Amino acid sequence: VTNHKEVSADKATGGNKAATAHEAAQTHEHLSTVLSRAPLGLAAPQVRVEVHLGTGLPAFALVGLPEAVVRESKERVRSALMTGGFDFPSGRITVNLSPADLPKEGGRFDLPIAIGILAASRKIPARAFERREFYGELSLGGELRQLPKLLPALIEGSRLGRELILPSANALEAGLVPHAKLKLVTCVRCSTRSAAKRHGLPVRTPRTLRTRRSRGTRRQTPILPRFAANSRPSAPSRSPPPESMDC
Amino acid sequence: MVGPPGAGKTLLAQRLPGLLPALTPLESLEVACLESAAGQRPRLGGRRPFRSPQHTASIAALIGGSTLKPGELSLAHLGVLFLDEFPEFPRNALEALREPLESGVVKLTRLKRTCEFPARFQLVAAMNPCPCGYAGDPRGRCHCTAEQVTRYRQRISGPLIDRIDIHVELTALPVEHLFDDACAESENSAAVALRVAAARQVQMQRQRKFNARLTPAEVTQFCGLRRPSRALLSAAIVRLGLSARACHGVLKLARTCADLAGEPEIRSNDVAEAVQLRALDKLNS
């Protein structure tokens, strides 16, 4: 899959030449890495979701001890991306959930896998992924579902100063985390936009879909963290309200 | 709590979270984390958890499952764990309570993974005095043989009873109290909660922790007794056959009674009250 337009758009925005070259080198290999976290009791070990697009017969392999629910995410991601108006890459897709010996459970890896596929196929730029964590279970229509067992992961991620991209249905839970940088999203297309937004890069979304925006999902009240004010007296008293995005 | 059916054991236990002060922000985040790890939607607000698992609960449901999910013990962290019909719980499930009651932590070891969940809860257990429930009834409604009663009480092991600091015997409410106007004017939970908060503050100022968490060395430091009180306690230890742990429990309880009364020192009637609250030791001795 080649996409010269995207690279030239990157150059047109100016900015760091070295970073552009670095990205070009990275995307040339059709490889991307997206961060997330696995649930493990009260701990939330980091999981690197690596996606590689190779040549060959169309195939979709998922490795790294995925349990039944995670294995089924292949089908959800494929449908969600296609109904979301993205081209699903036609080559050989390999997804590795690293570390390989940690069992992964739950539907939360759907969104990181989808974002990884888009980044590897250069539908979205893959630069800020080291500072972001993605969580989300996808429906076939591309909407994000509420996730269980998310709070320990959010606390761990925000402690490292990462930006957390999560379903807006988890807003109440996320509001408990002090000093969190949150981005609440309702569908896979919003999350791609939030991944690209910082660099002002265009996200390729078909025109047909852009006109089909639903009014019902427009309102999204930002949830202020309730307890941020009292938890750490020396730190700034309140974390910024989570940015919510929808179509 | 030991008492006949309908004496108000469950009602009393349910009122307990209301007597405790609200959780601090960090504590409620900790509780929310445990609820989230158990796959539940975290409750918001600073209310203390109140968990009352049914007596059919398995050991995995109480302690935590193989999927490294926190159990009822951890979900009751910083709140109240109420076990109604205490002797009906499976024996191994009750025995599994022992270590967490001491350490405040549940350690799960499953295959290659280990996991630790906090479980600093207040255990409240309720039981009937005998299988039929009416032992000691003034009208002689109990038909259990002495052996049946003994066997029923033996379902709760000695080490477990030893770890419970307060045993209360409840009796059925006399009929004249049911419709008494004086009951309507009795103290409500909010008023008691104020006294509890005051006593907790006294404890924090004195020793930076609650009486229940005092180590043996701190017990000797903060729960010193005068000579007559000490004689009273020694007599009680001999009479009831209290263990060293139970003795420390009585001392801490006496300290709490004094704190609630606003006394700087433990008086002999505080010790007497604390000893009085070991009803099961009295029954078994």
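All heavy atoms count here, side chains included; hydrogens, waters and symmetry mates do not. All values derive from a computational prediction rather than experimental measurement. Below, chains carry the letters A, B, ... as their sequence lines are ordered, and counting in each starts from 1.
- A donor-acceptor pair is defined here as one N or O able to donate and one able to accept, closer than 3.5 Å; such a pair exists between the side chain of B:S58 and the backbone of B:A61.
- Listed for the B:N92 side chain is no donor-acceptor partner under 3.5 Å among the backbone atoms of B:E95.
- Shown here are the side chain to side chain donor-acceptor pair (under 3.5 Å) partners of A:S98, two or more places apart in sequence or in another chain: there are none.
- Shown here for A:F88 and A:I117, the closest heavy-atom pair between the two residues is CE1-CD1, 4.1 Å.
- Under the side chain to side chain donor-acceptor pair (under 3.5 Å) criterion, A:R78 pairs with no residue at all, not counting sequence neighbours.
- Residue with the most contacts toward chain A among B:C33, B:C115, B:A32: B:C33 (heavy-atom pairs, distance under 4.5 Å).
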CA sep, side-chain torsions, deciding dist, call: A:R162, A:E156, salt bridge (charged side-chain N to carboxylate O under 4.0 Å, His left out): CA-CA 9 Å; A:R162 302 248 172 87; A:E156 198 60 37; over 6 Å; no
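- Minimum interatomic distance between A:L62 and A:S73 (heavy atoms only, all atoms of both residues): CD2-OG, 4.1 Å.
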Working for salt bridge (charged side-chain N to carboxylate O under 4.0 Å, His left out), residues A:D110 and A:R145: CA-CA 10 Å; A:D110 290 4; A:R145 297 257 162 86; over 6 Å; no
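- Heavy-atom distances place both the backbone and the side chain of B:L34 under 4.5 Å from chain A.
- Of the candidates B:H248, B:R208, B:Q207, B:K209, B:K209 is the only one forming a side chain to side chain donor-acceptor pair (under 3.5 Å) with B:E218.
- Within residues 34-47 of chain A, the residues that have a heavy atom under 4.5 Å from a heavy atom of chain B are A:L40, A:G41, A:L42, listed by number.
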Residue pair B:R195, B:E187: steps toward the salt bridge (charged side-chain N to carboxylate O under 4.0 Å, His left out) verdict: CA-CA 11 Å; B:R195 274 192 286 143; B:E187 208 171 20; 2.7 Å; yes
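- Within residues 135-143 of chain A, no residue approaches chain B closer than 4.5 Å by heavy atoms.
- Your options are B:A38, B:P42, B:P70, and the one with the most heavy-atom pairs under 4.5 Å with chain A is B:P42.
- Nearest heavy-atom pair, A:G107 versus A:V69, reported as atom, atom and distance to 0.1 Å: N-CG1, 3.8 Å.
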